[in-house]
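See below for the structure under consideration.
Each chain gets a letter, A, B and so on, in the order its sequence line appears, and its residues count up from 1.
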Amino acid sequence: MAHGHHIIPLRTLSMVFGALLFLTVITVITAQIDLGLLNIPLALAIAGSKAILVVFVFMALKYDNRVNLLTVVLGVVFVVVFLVLTLADTEFRGSLGITEPAIIEASPESSDTGSRMP
Amino acid sequence: MNQQNSIWLPEAASTIAGDVDTLFYFILVTSVIFFVGVVSTMVFFAWRFRRRSPDDRPKPVYENKLVEASWIVIPSILVAVVFVWGFRLFLEIGIAPPNSYEVNVTARKWSWSFTYPNGVISTDLHVPVNRPVKLRMSSEDVIHSFFVPSFRIKADVLQGRYSYVWFEATRQDTFLIACTEYCGTSHSNMYARVVTHSQDDFENWLVENLPDDSLTPAQRGELLYTQQGCIGCHSLDGTAAAGPSFLGLAGSTRNFTDGTSAVADDNYLRTSIVNPALQIVEGYLNVMPGQYAVTMSSEEIDALVAFINEQ
Amino acid sequence: MSSADTTLKHYFVSHEQQFDAAKLGMWLFLVTEILLFAGMFVAYAVYRSWHPEVFLQVSELLDWRLGALNTVVLLASSFTVALSIHFVQKGENDKVVVLLIMTLVCAAIFMVVKYFEYSGKFSHGVFPGAGFEPHGIVDGKDYSKYDIPFAPQFFSIYFVMTGIHGVHVLVGMGLFGWLTTRVARGHFSPQYYTPVELTGLYWHLVDIIWIFLFPLLYLI
Amino acid sequence: MSDESHNYLNARKGLWSWLSTTDHKRIGIMYAIACGAFFLLGGILATFVRTELGEPGETILGQDQYNQVFTLHGVVMVFLVIIPAIPGILGNFVLPLQIGAKDVAFPRLNLASWYLFMAGAIMAVCGWLFVGKVDTGWTFYTPYSSGASNAVLWLTSAVFIAGFASIFTGLNFIVTVHKMRAPGMTWNRLPLFTWAIYATGIVQVLATPVIGITMVLLFLEKLLQIGIFDPALGGDPVLFQHFFWFYSHPAVYIMILPAMGIISDLMGTFSRQHVSGYTFIALSSVAIAFLGFLVWGHHMFVAGQSALSSIIFSMLTFLIGIPTGIKVFNWVATMYKGSVWLRTPMIYALMFLFLFTIGGLTGIMVGVLAVDVHLHDTYFVVAHFHYVMMGGALIGLIGGLHYWWPKMTGRMYNETAGVIAAILVFIGFNLTFFTQFFLGTKGMPRRYHDYSEFLEIYPEFAVLNLASTIGSYILGVGLVMILVYALYSLFRGPKATANPWGACTLEWTHTGPIPDEHNFHDTPLVTRGPYDYHLADDVFGKKTES
C-alpha cells in the first residue's frame, strides 16, 4: 500500500454507482408527479444526496484528512449564505412600501424601451 | 434660502430630520470619546514606555481577561443601542403616513420631472408645507437617486419599478434636490428644487400651471422645453452644454461628425428630436435620450420646433 | 526513495507532505468552482422565485430524456474515473488507460448530446437574451406559444449555466487526453499518481454540478 | 547564516532569471514594482480629480473626462493596487520566511498568478486608453454599464483575469500555512502577520469567484443582452448590486486584514513586548474573514432592496465592528510596559491606529440604517473608505515596506527622511479627507464633477474643496518623497545587519542580511512564540539576572 493512501474497494465503488443511477431514476419519476411546492425541495434533496455520495466516496473525502472536508463545508455554507441573504431581499421587496415588487408593463417585447408614466 | 446650518449638518426642514440629527450627534459624540480615548492612551503609552536603551528587555505582560472582556462587551452594548435606534427610525423614514399627498416623479438622464394628480407637469417639486408628501418615483433610463439633504431622505430611482420616499416639510422655503447615483455625463448637473407653499398658495399654483390649450404653439413649446428636460442640455443663451444651444439654431447650417452638413430647417429639427442618433453635430457626443418619439405627441414636437424657430 | 526521484520537489519534506498539499490545493480550487456556479444558481433561484409559473411552463421545451441520458453518461464517466484511481493505486496502468479512454468517450457523448440540444433550440429561434423569438412546432409543442415575458430570462440562465458547464467538460476532456498519454508512457506509479487524483477530483465536481443542473432546469 | 556574497538577489543574473523565477521572494519584488507603478498611475489620476474639484465649475476636465478619470482611479486603485499589493508583495516575501518554509506550496502557480495579474492590469489600462471611454465608475452598475461603450467589456474581462491571480495567491498561502510550517511552529506560534495573510487567503478563495461570474454575466449582458441585470429587458439592476457587493465587501477585508497583520507585527517588534491578546487578534482575523461575507447589503440600504434585508445587513454589519475593536484596543495595550522605539515603521503603525480608528468609527456611522439614508453616496462615504483603505491598508503597507526593507534589499533607508515624509503624509491625508466628512454630511454627492449649485446654500464648500485639494498635493509630495528615498537607499543606503530591529520572528533570526535563495540552510526548529522577547536569548544574548 503506497504510504497510507486508502484504496477504495471495487465493491464500494460499484455500489455507490448503482445508488447514483437509482437516485437518478427516482428524481425523474418524482418530477413527473406534480407535488406543487414540494417539487423543488424534493429534487434538491435527491440531488444533494447524490452529490454527498460522490463527494464522500468517489472523491474519497471520507478517508481524507479533515481540512479538506472543512474546506468543502465552508464552500457550501457560503453558497447558502449568498442564496439566503439575496432571497431575503428579492422575496420581501416592497414589504414596507419602499419599493414595489411589480414591474411596470413588464412585457419586454413592448416596443418602447422606456416605460410610459401612467 | 436662510439656512441655519450647523457645522456638520444642513438645517432640519422635515419632521424626521430632527430625529436623524440627534442619532447622528449621539454616534458622533460616542465616536469622538472612543477616538480621543484610543489616541491619548496610545500617545501616553508611546511616551511613558519609550525605549531607554537599545538592549531593553521588558518583562512579558500577559493580558488580563477582565480588560479584554470589557472592550468586547462595552462596544457590543453601544453598537446594539445604536442599531435599535437606527432601525426604529428607519421604519419611520420608510413607511409613508396613509394620508400623504402623492406626486409622481420621473428621473431621466440629467433632469427630473414631477407629475401631479391633476396633470400638471413641472421640473420643480412644489409641495404644501406641514403635510406628508409621498413620491412615487421611476426612471426612464439608468438608476438615479432622489436626495434632498435638508429633509434627510434619499432613495434610488430604478427603471421599470416604482420606489417611494416620503417627507413632511416643516418650513416654507426652496430646498435643493440632487441626484446621488452616478448616471452619466452630467450627473453633477441633475438638480431640481423643492418649493414648499402654504396650503392655499399651493392650490393656486396647481391651478395656474394647468396645461390649457389657449397657448400658442411656441408658448406650449416653451413649457415643453422645461418639462421634457431639454433645458438640461440645450441653453437659450448660446453657451454650449451637453447639447448645442438653441440660440440662432433654426436656419443655420449644421456640420455633422460624419462630415456631411445640412441646413437646420423644420424637418431637421423634427428628426433630431425624434431620432437624435442619426446626425450628431460636430463637437458633441451621442448622449441625447431617444425616447421622445414615444413620450411626446406629434403636436407637442411641433410646438417645440415652433419654439426653437423663435430662438 | 532514490535521491534522483524527480517527482519530489526540493521545497517539500516528504511525498506525503507534497501529496497532501496538492490535495488541499485542489479542494480549495474546487470550492472556487462551486462558488462560481453558485452565482448562477442564485440568479436561477431569484428569477424562479419571481416567476415560478413561467419557469415551470418554459422548462417543458427542454427534452428531459436527453437530460437524463446526459446524467447517466456523466455518472458513468465519474465511475470510470474513480475506478482509474483505484487501479493506478494498485499499479495496474493498462486498466487505467482503458478506463480513462472510456471516460473520454463518455464526455464526448455528453458534448454531442449537448450539441444536438443546442442546435435544436437555435434552429427554432430559442436564443439567449434579446434574440429570443421561438417559432415552429417540435414533437407536439408549438414554440410560438412560449413567447411569454421572462421566458428569455429562463433561456439566458439555461444557456449560461449549461454553456459554462460545457466549457468545463471540454477542459476535462483536454485534461483526460493529456493524462492518458502520460499514463500510457508510465509516468505514474502507486508512489506518485497525484495528477490522476487531481483530474479525477475536478471531473467529479463537474459531474456534481450537472447533478444539480439536471433536475433544476430539466425536470421541475 | 548565508554568507554575504550569495543571496537570492545575486544568485542568478539577467532579466529572464527574474521573469521566469519561482522564488517567492523575487515574485514579491516583481509585485512591488508592478503595484508601485499602478499606485503611481492611480495617484496621478487622483491628483487630476482633486485639481478639477479644487475650484467650483470646470477647471481642467470636462464632465466626460472627469467621469473617465475617476472611473480609472477607482479601478486601478482597487483592483490593481490595494487588493494585490500586501498579499502580493509582503505576503509572498515574508510568509514562507516567517513559517520556516523553503518556498510557497506551489511556486509555479505563484509565478502564473503574477503573469495573470499583469495580463489583467495591462488589459484594463489598454482598454481605457485605446478602446474607448469607460465612465461607469469602478462598480460598473447596470443598466448604465450595459448601455455604455464596449470598452467596458475590456475592463470586465481585465477584472476577471486579475481575479484569478488573487484566487491562486490566496490558495497558495492557505496550503503553505497548513502544510509547510517548520517543525515546532504550531498554530499558536504563528506570527500574527501570517495569521492575517491566512485569513485573507480564505476571503480571496471564497469571494473572488463570484466577481468572476459577475463579470462574465455583465460581459454576456452587453454582448447577448441576456437580460438578467438590464431592467429594459426585464432584468433587475439590484440583483447586479448583490452579485457585485457579495465580492466587493469581502474584498475590503482582503485589503485591510493584511495591513492589520503588519500592524500586529510592528507593534510587537517596536514595543519589544508580547502582543496583547495574541489569540484574540488571531481569531479576530479569521472572524472578520467569515463575517465579511454576511454584510454586503449595507452598500444598498437606499438602492431599493427590501427593508427586511436592510435590517438584517445592518445588524450583521455591527457584528464586524466588535472584532475590529478588539484588535485596535489590543494594539494599544501592547505598548503597555513595553519599550516603544519610535522608528519610521512604528510611526506608520501609530498613524494607522489614528486613521483606522476614524475610518472604523465612521463605518459604524454609515452602518446605522437611518443615518445612512442621509449619508449614502455622499462625500462622507468617500472620506470613510479613504480613511480605512488608504489610512488603513496603504499606511499599513508603507509601514510594512519600511519594516521589511532591510530584509528585502539589504539596505537601510534614511530615518530622518522617513520621519519627515511620514509627517507630510499624515498632514496631507487628514487635510484631504477630514474636510470631506463635512462636505458629505452637508449633502455633497459622490462622483460630482461640479458643486457650484451648492455654493448658494453652503459657501464653505469652495473652501473645503480647496483645502482638500491642497491636502492631496501635500499627500502626493509625501508619497513621492518616500519613493525617492527608497530608491536612493537601494544604491547608497547603508548596509543593513541581519536583524536591525531586534525582532524575534524567523525571517529576522534565522536568515542573513539578505536571505539565501532557499531561505534556510537547515530548516529552523521553533521553540518559542513570535513575540517572546524574554526567551529570545539568540537575539539579545544571555539574559542578565536583572
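Using a 4.5 Å cut-off between heavy atoms, Phe293(D) contacts chain A through both its backbone and its side chain. The contact between Phe290(D) and chain A is made by backbone and side chain atoms together, counting heavy-atom distances below 4.5 Å. Ile312(D) touches chain A through its side chain: at least one heavy atom from C-beta onward sits under 4.5 Å away, while N, CA, C and O do not. Of the atoms belonging to Val67(A), it is side-chain heavy atoms, and not backbone ones, that fall under 4.5 Å from chain D. Using a 4.5 Å cut-off between heavy atoms, Val205(D) does not touch chain A at all.
Within a 6.0 Å radius of CG in Leu37(A), no more than 12 heavy atoms belonging to other residues, nucleotides or ligands are found. Counting non-hydrogen atoms of neighbouring residues, nucleotides and ligands closer than 6.0 angstrom, the CZ atom of Phe22(A) reaches no more than 12 such neighbours.
Of the inter-residue distances, the one linking Tyr247(D) atom OH with Phe82(A) atom CZ reads 14.0 Å to the nearest 0.5 angstrom.
The minimum heavy-atom distance between Arg93(A) and Gln305(D), with the atom names listed, is NE-CA, 4.4 Å. A pairwise comparison of heavy atoms in Phe246(D) and Phe78(A) identifies CZ-O, 4.2 Å as the closest pair.
In terms of non-hydrogen atom pairs under 4.5 Å with chain D, the most contact-rich of Leu85(A), Val79(A), Leu74(A) is Leu85(A).
Of the options Thr90(A), Asp89(A), Thr86(A), a side-chain contact (heavy atoms from CB on, under 4.5 Å) to Ser309(D) is made by Asp89(A) and by none of the others.
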